[in-house]
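Positions are given from 1, in the same order as the sequence printed here. Please read all numbers here as calculations on a predicted model, not as lab measurements. Computation of the quantities below employed the complete heavy-atom set of this structure, encompassing side-chain atoms and omitting hydrogens, waters and symmetry-equivalent molecules.
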Amino acid sequence: MVLQFDEGDDILGGIESSMKQHNVGEASLLDCKGHIKSGIGSYLVGNSLMTKNFDNTLVQNFTGHFKCGKGGLFGVLKIIPTDLDSHVTVAKGKAGADFEIKLSYYEF
């Protein structure tokens with residue numbers, strides 16, 4: 001499933017609504033590219049929890065796995081931005097005009 005976001009779309013909300021719309025219970029992130037226009041995430045440096053504010057941040061690398069059910073979306077979206085050499089867990093984010101995600105899932 002390919003999700004193409006418009007500028008300013010809620011990233012995690014878009015994943016959740018797409019999974020619900022297509023009755024997908026569990027999915028893994030296959031690809032993630034583009035910019036995160038704004039948002040916030042967290043990452044570790046040693047044993048210190050740090051905050052990353054996204055400001056037109058380009059995604060360099062990614063990982064993620066999601067489950068969607070009656071309680072909503074459960075999972076994690078981690079990215080490595082080009083301006084930081086750490087995995088950042090995305091807490092909330094708004095998509096840039098070029099943001100795209102590909103999810104893989106199984107149909108039973």
Side-chain angles (χ1 to χ4, degrees):
M1 175 179 357
V2 177
L3 307 178
Q4 294 177 328
F5 292 82
D6 291 327
E7 187 167 353
D9 284 351
D10 177 29
I11 295 169
L12 297 175
I15 294 170
E16 179 179 7
S17 64
S18 295
M19 288 179 70
K20 284 181 178 178
Q21 180 181 358
H22 297 285
N23 294 320
V24 174
E26 190 170 346
S28 295
L29 189 61
L30 283 181
D31 194 17
C32 180
K33 57 186 171 184
H35 290 80
I36 298 177
K37 180 179 179 179
S38 62
I40 193 165
S42 59
Y43 63 100
L44 289 172
V45 174
N47 60 355
S48 298
L49 185 62
M50 308 296 285
T51 300
K52 167 71 175 156
N53 291 307
F54 302 116
D55 182 22
N56 202 32
T57 304
L58 181 62
V59 174
Q60 176 178 310
N61 211 337
F62 58 88
T63 187
H65 189 84
F66 306 97
K67 291 184 180 184
C68 192
K70 293 180 182 179
L73 185 69
F74 178 77
V76 65
L77 171 60
K78 289 188 176 195
I79 66 157
I80 297 177
T82 55
D83 61 350
L84 184 67
D85 195 25
S86 289
H87 278 96
V88 178
T89 302
V90 177
K92 63 180 177 177
K94 300 286 183 186
D98 62 345
F99 196 74
E100 181 179 288
I101 287 179
K102 291 181 185 174
L103 296 174
S104 171
Y105 63 95
Y106 292 103
E107 293 186 55
F108 296 101

Results of salt bridge (charged side-chain N to carboxylate O under 4.0 Å, His left out) for Lys33 - residues two or more places apart only: Glu100
Closest non-hydrogen atom pair, Pro81 against Val88: CD-CG2, 3.9 Å
Crowding at CG, Asp85 (>12 non-hydrogen neighbours, <6.0 Å): no
Atom pairs and distances, side-chain donor-acceptor, residues 44-53, under 3.5 Å, sequence neighbours left out:
unit_1	atom_1	unit_2	atom_2	d
Lys52	NZ	Asp83	OD1	3.3
Lys52	NZ	Asp83	OD2	2.8

Going by atom type alone, with no hydrogens or angles, which donor-acceptor pairs under 3.5 Å involve a side-chain atom of residues 13-31 and a protein atom two or more places apart or on another chain?
unit_1	atom_1	unit_2	atom_2	d
Glu16	OE2	Lys20	NZ	3.1
Ser17	OG	Gly13	O	3.2
Ser17	OG	Gly14	O	3.3
Ser18	OG	Gly14	O	2.9
Glu26	OE2	His65	NE2	2.8
Ser28	OG	His65	ND1	2.8

Pairwise salt bridge (Lys or Arg N to Asp or Glu O under 4.0 Å) hits with a residue in residues 34-44, at least two apart: Glu7-Lys37
same_hphob_cluster(Leu12, Tyr105) at 4.5 Å side-chain heavy-atom cutoff: yes
Phe66 versus Leu73, closest heavy-atom pair with distance: CB-CD1, 3.8 Å
Hydrophobic cluster identity match, Phe62 and Ile101, side-chain contacts under 4.5 Å: yes
Side-chain heavy-atom pair Ile11, Leu77 within 4.5 angstrom cut-off: yes
Asp98 side-chain N/O to His35 backbone N/O, donor-acceptor pair under 3.5 Å: yes
Non-neighbouring partners of Phe5 that pass ring-ring contact (aromatic ring centres under 6.0 Å, His included), sequence neighbours left out: Phe99
ILVMFWY cluster membership beyond Phe74 - transitive side-chain contacts under 4.5 angstrom: none
His87: side-chain hydrogen bond (donor to acceptor under 3.5 Å, both in side chains) partners, not counting sequence neighbours: none
Single-linkage hydrophobic cluster, 4.5 Å side-chain cutoff, Ile79 and Leu58 together: no
Sequence neighbours excluded - salt bridge (Lys or Arg N to Asp or Glu O under 4.0 Å) pairs with any residue from residues 57-77: none
Contacts of type ring-ring contact (aromatic ring centres under 6.0 Å, His included), residue Phe54, not counting sequence neighbours: none
Salt bridge (charged side-chain N to carboxylate O under 4.0 Å, His left out) involving Lys94 - partner list, sequence neighbours excluded: none
